[in-house]
Amino acid sequence: MRKLKNKGIEGEKGILPPHRRRRNVLAVGAHADDVEIGCGGTVALHARNGDNVVILIMAESSYTYYDGTVLRSKEEGEIEERNAARILGAKELINLGFKTKEVPYSVESIEAINEIIDKYNIDIIYTHWYHDTHQDHKRTTQSVLAAGRYVKNILMYEPEYPAGRSYLGFRNQYYVDITPTFHIKMEALKQHKSQVKKYGKDFLEAVEARARHRGYEIGSRYAECFEVVRLLGEI
């Protein structure tokens, strides 16, 4: 298991609200930039509220097209993911180093995630939508659900085009108002310069449009929404 540790990663900080326990948060993405797209505003909000955020990336930070065209080199991707994690306010960044497009659903992937969950005493996990059509995304969540069998809170973030074009529809069940941290989400996403170059400025505009739409649904400026695997109600 390969780890990329970045001690002292800091973003915008906030004061833990009275009577609120500090939570240990695991945000999982198959690739560098997945967390920023799917739940970057929520992750930044956790960090601002004083929670301990660990970002886990399953695949090494490179991407090569089927014809051999290199869309993102490993070195380029590592810089991008570190910069983005720092902006989001993560305490730790871990990359398991599986081969891109070949992230497994296996004993190796499950136990690697299980070890992280135990080490950081994780309270809540954010991961890909189970019915995502990208094989790395789907297998990541299969591994997360197996490894996180004792974790009390697991939420799946909304997929981004084109990976979300499944025969099933994402169920927008749980919303987080990310208006205070939307600018952090977008600044972190912009660190993935190779991806912005790949998809063009419409990519950033589309991410903003979806956050604006989800915000409109709950009467806020910006929001992210999730499908619930399980969620512990605290009364």
Side-chain angles (χ1 to χ4, degrees), residues 4-17 20-58 61 80-96 113 116-117 120-129 132 137 140-141 144 148 151-160 172 174-192 195 204 207-208 210-211 214-215 218 220-229 231:
L4 297 176
K5 290 189 177 181
N6 297 281
K7 296 182 179 179
I9 293 176
E10 295 182 354
E12 294 193 19
K13 295 181 178 179
I15 300 174
L16 198 68
R20 184 182 178 282
R21 182 178 66 84
R22 193 181 306 275
R23 288 179 288 183
N24 299 318
V25 179
L26 180 63
V28 185
H31 316 103
D33 82 357
D34 286 338
V35 166
E36 290 80 356
I37 294 170
C39 60
T42 301
V43 165
L45 198 59
H46 274 293
R48 174 178 279 194
N49 288 342
D51 293 332
N52 301 311
V53 175
V54 178
I55 294 178
L56 170 62
I57 301 170
M58 300 295 287
S61 303
E80 291 176 356
E81 67 185 25
R82 286 192 184 105
N83 289 341
R86 184 178 299 109
I87 289 170
L88 290 179
K91 298 290 187 183
E92 192 85 25
L93 170 65
I94 302 171
N95 189 311
L96 294 180
I113 298 170
I116 292 166
I117 289 171
Y120 294 96
N121 193 26
I122 296 299
D123 300 302
I124 182 168
I125 299 175
Y126 297 97
T127 187
H128 291 280
W129 183 49
D132 198 308
H137 296 183
T140 291
T141 293
V144 166
V151 177
K152 296 176 182 177
N153 302 282
I154 300 180
L155 299 169
M156 300 182 293
Y157 48 80
E158 191 169 10
E160 179 58 72
N172 44 311
Y174 183 85
Y175 287 77
V176 176
D177 182 352
I178 62 165
T179 304
T181 56
F182 176 74
H183 66 290
I184 301 176
K185 170 189 176 79
M186 296 306 292
E187 185 59 32
L189 186 54
K190 289 175 184 176
Q191 301 309 304
H192 296 280
Q195 297 303 97
L204 295 175
V207 171
E208 179 172 5
R210 186 174 69 181
R214 292 309 190 188
I218 60 169
S220 70
R221 182 66 182 173
Y222 296 108
E224 290 171 340
C225 65
F226 304 86
E227 188 166 323
V228 176
V229 175
L231 188 65

Is the closest side-chain heavy-atom distance between N52 and V54 below 4.5 Å?
no

For the pair H183 and Y222, evaluate ring-ring contact (aromatic ring centres under 6.0 Å, His included) and give the outcome as yes or no after the intermediate values.
CA-CA 10 Å; H183 66 290; Y222 296 108; 10.0 Å; no

Are R23 and H46 packed together at the side-chain level, in the sense that at least one heavy-atom pair is separated by less than 4.5 angstrom?
yes

Is the shortest side-chain heavy-atom distance between V28 and L26 below 4.5 Å?
yes

Which pair of heavy atoms, one from D34 and one from G29, lies closest together, and at what distance?
CB-CA, 3.9 Å

Would you call the rings of F226 and Y126 parallel, tilted or perpendicular, taking 30° and 60° as the class edges?
tilted

Before accepting this row, confirm whether a basic side-chain N of the pair R214/E158 lies closer than 4.0 Å to the acidic partner's carboxylate O.
yes

Short N-O contact, D123 and R21, less than 4.0 angstrom:
yes

Considering non-hydrogen atoms only, spot the tightest contact between I184 and A44 and give its length.
CG2-CB, 3.8 Å

Could you tell me whether the side chain of E227 reaches within less than 4.5 Å of the side chain of Y174, counting heavy atoms only?
no

State, yes or no, whether a side-chain contact exists between T141 and W129 at a heavy-atom distance under 4.5 Å.
no

Heavy atoms, side chains only, cut-off 4.5 Å: are I57 and I94 in contact?
no

If you look at every heavy atom in A47 and G89, which pair is closest and at what distance?
CB-O, 3.6 Å

Quick check: closest heavy atoms across A32 and E81, and the distance to 0.1 Å?
CB-OE1, 3.6 Å

Quick one: do R210 and E224 satisfy salt bridge (charged side-chain N to carboxylate O under 4.0 Å, His left out)? Show the steps, please.
CA-CA 8 Å; R210 186 174 69 181; E224 290 171 340; over 6 Å; no

Within a strict 4.5 Å, meaning less than it, do heavy atoms of the L189 and L204 side chains meet?
yes

Hey, which of I113, L56, T127 is the one that makes side-chain contact (heavy atoms from CB on, under 4.5 Å) with T140?
T127

Between I218 and A223, the two heavy atoms sitting closest are CD1-CB, 3.7 Å

Less than 4.5 Å apart, any side-chain heavy atom of L155 and any of I125?
no

Please answer whether the main-chain N or O of K185 pairs with a side-chain N or O of E36 as donor and acceptor at a distance below 3.5 Å.
no

Of the non-hydrogen atoms in A188 and A84, which two are nearest, and what is the gap between them?
O-CB, 3.5 Å

